[in-house]
Protein chains: 2
Amino acid sequence: MEQSPTKDRIIRTALRLFESCGYSRVSVDQIVKESGTSKGGFYHNFTSKDELLYMIHDFCVTHALEKAEEAIERHDNAKEQLRGIIRSFVLLFDTYQSHLAIFNEESLHLSREYLKKIEGKRDRYKRLLHQVIEEGVKNGEFRSNSNVTIVTMAVLGMINWIYKWYRPDGDFSLEEIADIYTDFVMNGLLPE
Amino acid sequence: MEQSPTKDRIIRTALRLFESCGYSRVSVDQIVKESGTSKGGFYHNFTSKDELLYMIHDFCVTHALEKAEEAIERHDNAKEQLRGIIRSFVLLFDTYQSHLAIFNEESLHLSREYLKKIEGKRDRYKRLLHQVIEEGVKNGEFRSNSNVTIVTMAVLGMINWIYKWYRPDGDFSLEEIADIYTDFVMNGLLPE
DNA sequence: CCGATCAGACCGACCGGTCGGTACCGCGTG
DNA sequence: CACGCGGTACCGACCGGTCGGTCTGATCGG
């Protein structure tokens, strides 16, 4: 991520503004003013406001993908792989909560070409999770009557949703949330 | 919902447009043109574009709340109450998928006063679900080491997320999804 | 004829993006 | 060292167009 300091400042400012007001409510003028640069400075570093949005999207989905692939490689059974994916995804909110909030709320504003790239990576992530769960069901690690497709979406949903309610200064750390989520996904609510 | 036909047409058109382009990318002119009315007609029925957005939000959260309260009243044990809440929430996507998509993506664009009303109802919904799970843990229907707060958010997340991927003409009906979700929430992935 | 409903021209604010210009830095040359 | 030169980073006035909202009337049922 070794970028010019101005570019970095613009991105950080934009993250904050987009997260609290929404992409389309924040003008380039506002980003420029609050990041201490100028229109010229902005368009020197980005070809358009859209490209800035794309870069924010790309940061976090790329990172998430890498972490998930790592988790799969590091373990050789579905249970541990799934635990690793959940854990790495949840921990992503430590550094990327703003990114993820924007990722989940502003994807409609990406232009077609940008959207295609992002969706490609998101689908790869989805497929990864699907494969792990599927493998677990096949080899008996997971219950055989689990519906892989829907459970995959359920897990994705419960984690993606975290950006809506997690606060770094709240009652639960991301480590704790990851543990509780894993336990919930594995065991459900009913007692033995 | 007994409204003037014009108002109804405007809302239906707006739902479609907001869902596919995002609130702030759709102009009043566009809504007006596609719903076959005029600026005058629009501003006769709504005080502002914001109010239209608020009404869309209010429709679905009010409905969801009613259904959840019904489910709780109809059953006397936490397990059935939870099943009822999940089921009624999932089935909401049948008539309110557009509403829910907008509800989840465009809440940042609500003005402060509208936002407060909506958040009040959303919090009530959250508290309802929390109470049911809490009760189940207390009376032994659910595992005692379930973390109620986080599990509540997990369940909310996995259901709210449905608007991102559910398609009425897809492989799964909402009834099936509700059943799979309930089973997943109750039993998790691991076999006995 | 009165109020409800709607038509559409119009307004002023705002917004993304452009463009001509400036400041500065490293480098080769005399 | 002085000087000029090319290139990079940045500045900010400005432009064309869009948007939410207003206003003056027209239409019509009762």
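Letters go in sequence order (proteins before strands), and every chain restarts at 1.
- Atom pair B/Tyr23:OH and D/dG20:P shows a separation of 7 Å (rounding to whole Å applied).
- The distance between atom CG of A/Asp8 and atom C1' of D/dA9, rounded to the nearest whole Å, is 16 Å.
- Counting only distance, with no hydrogens or angles, the side chain of B/Arg143 and the backbone of A/Pro191 share no donor-acceptor pair below 3.5 Å.
- Here D/dG21 presents its P atom at 13 Å from CZ of B/Phe46, a figure rounded to the nearest Å.
- Two end axes, each from the C1' atoms of five base pairs, can be drawn for the helix from C/dC1-D/dG30 to C/dG30-D/dC1; they diverge by 10°, to 10 degrees.
- Of the possible polar contacts, one joining the B/Ser88 side chain to the B/Ile85 backbone as a donor-acceptor pair under 3.5 Å is found.
- When the side-chain nitrogen and oxygen atoms of A/Asn45 are compared with OP1 and OP2 of D/dA9, none of them lie within a distance under 4.0 Å.
- Within the structure, salt bridge (charged side-chain N to carboxylate O under 4.0 Å, His left out) contacts touching residues 76-105 of chain B (residues at least two apart or in different chains) are B/Glu80-B/Arg83, B/Arg87-B/Glu175, B/Glu105-B/Lys164.
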Cut-off 3.5 Å, no hydrogens considered: what does the side-chain donor-acceptor table look like for residues 17-29 of chain B, sequence neighbours left out?
{"unit_1": "B/Glu19", "atom_1": "OE1", "unit_2": "B/Ser98", "atom_2": "OG", "d": "2.8"}
{"unit_1": "B/Ser20", "atom_1": "OG", "unit_2": "B/Arg16", "atom_2": "O", "d": "3.3"}
{"unit_1": "B/Ser20", "atom_1": "OG", "unit_2": "B/Leu17", "atom_2": "O", "d": "3.4"}
{"unit_1": "B/Tyr23", "atom_1": "OH", "unit_2": "B/Lys49", "atom_2": "O", "d": "3.4"}
{"unit_1": "B/Tyr23", "atom_1": "OH", "unit_2": "B/Asp50", "atom_2": "N", "d": "3.4"}
{"unit_1": "B/Tyr23", "atom_1": "OH", "unit_2": "B/Asp50", "atom_2": "OD1", "d": "2.7"}
{"unit_1": "B/Ser24", "atom_1": "OG", "unit_2": "A/Ser24", "atom_2": "OG", "d": "2.3"}
{"unit_1": "B/Ser27", "atom_1": "OG", "unit_2": "B/Gln30", "atom_2": "N", "d": "3.1"}
{"unit_1": "B/Asp29", "atom_1": "OD1", "unit_2": "B/Lys39", "atom_2": "NZ", "d": "3.3"}

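- Under the 3.5 Å distance criterion, the side-chain polar atoms of A/Tyr181 are matched with a main-chain donor or acceptor of A/Met158.
- The side chain of A/His44 has D/dA9 as its nearest neighbour among C/dC6, D/dG21, D/dA9.
- At least one side-chain heavy atom of A/Asn147 sits under 4.5 Å from a side-chain heavy atom of A/Thr149.
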For residues 66-74 of chain B, dump all side-chain donor-acceptor pairs below 3.5 Å to protein atoms at least two apart in sequence or in another chain.
{"unit_1": "B/Glu69", "atom_1": "OE2", "unit_2": "B/Arg124", "atom_2": "NH2", "d": "3.4"}

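- Atom NZ in B/Lys33 sits about 13 Å away from atom P in C/dA9, given to the nearest Å.
- Comment: B/Arg122 engages B/Glu119 in a salt bridge, judged by a side-chain N to carboxylate O separation of less than 4.0 angstrom.
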Where protein sits on nucleotides 11-19 of chain D, one letter per nucleotide: B base, S sugar-phosphate only, - none, heavy atoms under 4.0 Å: BBB-----S
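- A straight line from CZ of A/Arg9 to P of D/dA9 spans 14 Å, rounded to a whole angstrom.
- Here D/dG20 presents its P atom at 7 Å from OH of B/Tyr43, a figure rounded to the nearest Å.
- With sequence neighbours excluded, the residues forming a side chain to side chain donor-acceptor pair (under 3.5 Å) with A/His109 are A/Glu106, listed by chain and number.
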